[in-house]
Amino acid sequence: MYKKKQKSIINQNKSTRPGKLNQAKTGEVRIIGGDFRGRKLPVLNAEGLRPTSDRVKETLFNWLQFDVAGAKCLDVFSGSGALSFEAISRGAKQATLLELDAKNARQLRQNLQMLKVVNANVEQVDSLQWLSTSCQQGYDLVFLDPPFHKELMQKAIDLLFKNGYINDQSWLYLEQEKSLDWPNLPEGWVNHREKNTSQVKFGLFKKDIG
């Protein structure tokens with residue numbers, strides 16, 4: 001009886017080793033095109049973290065197929081970093097990822113190191129605070145996919161335009177709850193393309209310069 005009980009305790013300890021817990025807390029995203037096509041990157045299963053699906057990524061980067069190479073990208077509320085990793089894989093010149101959560105920011109840096117990417121950086125910051133400072137040149141491509149149900153989209157858009165992160169040549173990608181109307185954009189900015197999934201509404205916007 002003693003030996004059986006001891007064996008049971010050992011098995012319980014094996015099932016709760018730190019390594020096992022860490023594995024249970026991670027998922028993954030897959031890069032679907034470009035130099036890193038097929039590579040899978042670990043992602044923390046953090047609250048509110050909602051990686052952009054392969055289906056949505058494929059549609060978006062088909063829309064942008066001639067505009068990613070050489071682009072300077074800004075990934076606001078980067079989360080899993082799926083959009084930035086995809087852009088870098090497809091030839092983007094540079095990417096800046098904004099992420100508030102310290103553990104998730106660390107994971108993003110580790111993923112960049114894993115891919116040996118040197119033309120991207122992770123800023124562990126509150127995205128709205130970071131956008132409150134002025135930008136001198138702006139970005140070619142801005143990804144804006146904030147956590148759902150927190151009313152962050154319009155606030156981020158207002159700061160992006162007010163402080164020079166977006167210029168007349170920029171592409172702006174928005175991803176939000178399917179049930180919501182698109183946020184307000186400055187005059188002249190139009191919805192270039194959009195699509196829906198069962199839960200998500202996503203679209204690509206650009207200024208109409210005639």
State the [atom1]-[atom2] distance between [X] and [Y], to the nearest 0.5 angstrom.
X: Phe161; Y: Asn184; atom1: CZ; atom2: CG; result: 11.0 Å
X: Leu152; Y: Asp126; atom1: CG; atom2: CG; result: 8.5 Å
X: Leu112; Y: Asn121; atom1: CG; atom2: CG; result: 8.5 Å
X: Lys40; Y: Ile31; atom1: NZ; atom2: CD1; result: 12.0 Å
X: Thr52; Y: Phe202; atom1: OG1; atom2: CZ; result: 9.5 Å
X: Arg30; Y: Arg37; atom1: CZ; atom2: CZ; result: 8.0 Å

Would the distance check show the side chain of [X] and the main-chain N or O of [Y] forming a donor-acceptor pair, the cut-off being under 3.5 Å?
X: Asn163; Y: Cys135; result: no
X: Lys206; Y: Gln169; result: yes
X: Gln107; Y: Leu44; result: no
X: Gln94; Y: Lys72; result: no
X: Asn191; Y: Phe205; result: no
X: Glu99; Y: Arg106; result: no
X: Thr133; Y: Gln129; result: no
X: Lys195; Y: Thr59; result: no

Specify the closest pair of heavy atoms between [X] and [Y], including all atoms of both residues, with the distance to one decimal.
X: Asp140; Y: Gly70; answer: OD2-O, 4.2 Å
X: Lys178; Y: Ser198; answer: CD-O, 3.6 Å
X: Ala120; Y: Leu97; answer: CB-CD1, 4.4 Å

Are Trp189 and Leu204 linked, directly or through intermediate hydrophobic residues, by side-chain heavy-atom contacts shorter than 4.5 Å (ILVMFWY only)?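 No, Leu204 and Trp189 fall in different hydrophobic clusters.
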
Indicate yes or no: does Asp54 engage Lys57 in a salt bridge with an N to O separation below 4.0 Å.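 Yes.
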
4.5 Å side-chain heavy-atom contact, [X] and [Y]:
X: Ser132; Y: Leu159; value: yes
X: Leu100; Y: Val125; value: no
X: Phe66; Y: Leu64; value: no
X: Met153; Y: Leu144; value: yes
X: Phe148; Y: Val200; value: yes
X: Leu131; Y: Leu74; value: yes
X: Leu185; Y: Leu172; value: yes
X: Pro42; Y: Glu28; value: no

If you count every heavy atom of other residues, nucleotides or ligands that lies below 6.0 Å from Gln199 atom CD, does the total exceed 12?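 No - once you tally the heavy atoms of other residues, nucleotides and ligands closer than 6.0 Å, there are 12 at most.
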
Does CD belonging to Glu194 count more than 12 external heavy atoms closer than 6.0 Å?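 Counting other residues, nucleotides and ligands, CD of Glu194 exceeds 12 neighbours.
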
Evaluate side chain to side chain contact (heavy atoms under 4.5 Å, CB included) for Lys201 paired with Leu180, printing each intermediate quantity in order. CA-CA 8 Å; Lys201 179 179 183 179; Leu180 297 181; over 6 Å; no

Can Asp67 and Trp171 be said to form a side chain to side chain contact (heavy atoms under 4.5 Å, CB included), step by step? CA-CA 9 Å; Asp67 297 283; Trp171 285 103; 3.4 Å; yes

Assert yes or no for the condition that the ring centre distance of Trp63 to Tyr173 is strictly below 6.0 Å.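 For Trp63 and Tyr173, the ring centres are not under 6.0 Å apart.
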
Between Phe143 and Leu60, does a side chain to side chain contact (heavy atoms under 4.5 Å, CB included) hold up when you go through it step by step? CA-CA 11 Å; Phe143 303 117; Leu60 169 61; 4.1 Å; yes

Please, which pairs that meet ring pair (Phe, Tyr, Trp, His ring centres under 6.0 Å) have at least one residue in residues 90-139, sequence neighbours excluded?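 Checked against ring pair (Phe, Tyr, Trp, His ring centres under 6.0 Å) - neighbours excluded - the pairs reaching residues 90-139 are Trp130-Tyr165.
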
Would Glu58 and Asn62 count as a side chain to side chain donor-acceptor pair (under 3.5 Å) if you check the C-alpha gap in whole Å, the side-chain angles of each, and the deciding distance to 0.1 Å? CA-CA 6 Å; Glu58 183 175 10; Asn62 282 341; 4.6 Å; no

Side chain to side chain donor-acceptor pair (under 3.5 Å) between Trp182 and Gln176, intermediate numbers included: CA-CA 8 Å; Trp182 288 122; Gln176 64 178 29; over 6 Å; no

Considering only distance and modelled atom types, tabulate donor-acceptor pairs under 3.5 Å from the side chains of residues 75-91, sequence neighbours left out.
{"unit_1": "Asp75", "atom_1": "OD2", "unit_2": "Ser84", "atom_2": "OG", "d": "2.8"}
{"unit_1": "Ser78", "atom_1": "OG", "unit_2": "Leu98", "atom_2": "O", "d": "3.1"}
{"unit_1": "Ser80", "atom_1": "OG", "unit_2": "Ala82", "atom_2": "N", "d": "3.2"}
{"unit_1": "Glu86", "atom_1": "OE1", "unit_2": "Ile32", "atom_2": "N", "d": "3.1"}
{"unit_1": "Glu86", "atom_1": "OE2", "unit_2": "Ile32", "atom_2": "N", "d": "3.2"}
{"unit_1": "Glu86", "atom_1": "OE2", "unit_2": "Gly33", "atom_2": "N", "d": "2.8"}
{"unit_1": "Glu86", "atom_1": "OE2", "unit_2": "Arg90", "atom_2": "NE", "d": "3.1"}
{"unit_1": "Glu86", "atom_1": "OE2", "unit_2": "Arg90", "atom_2": "NH2", "d": "3.2"}
{"unit_1": "Ser89", "atom_1": "OG", "unit_2": "Gly33", "atom_2": "O", "d": "2.6"}
{"unit_1": "Ser89", "atom_1": "OG", "unit_2": "Asp35", "atom_2": "N", "d": "3.1"}
{"unit_1": "Ser89", "atom_1": "OG", "unit_2": "Phe36", "atom_2": "N", "d": "2.9"}

Given the rule in the side chain to side chain contact (heavy atoms under 4.5 Å, CB included) test, do Lys207 and Val190 qualify, once you have shown the distances and angles that lead to the verdict? CA-CA 6 Å; Lys207 186 170 184 179; Val190 298; over 6 Å; no

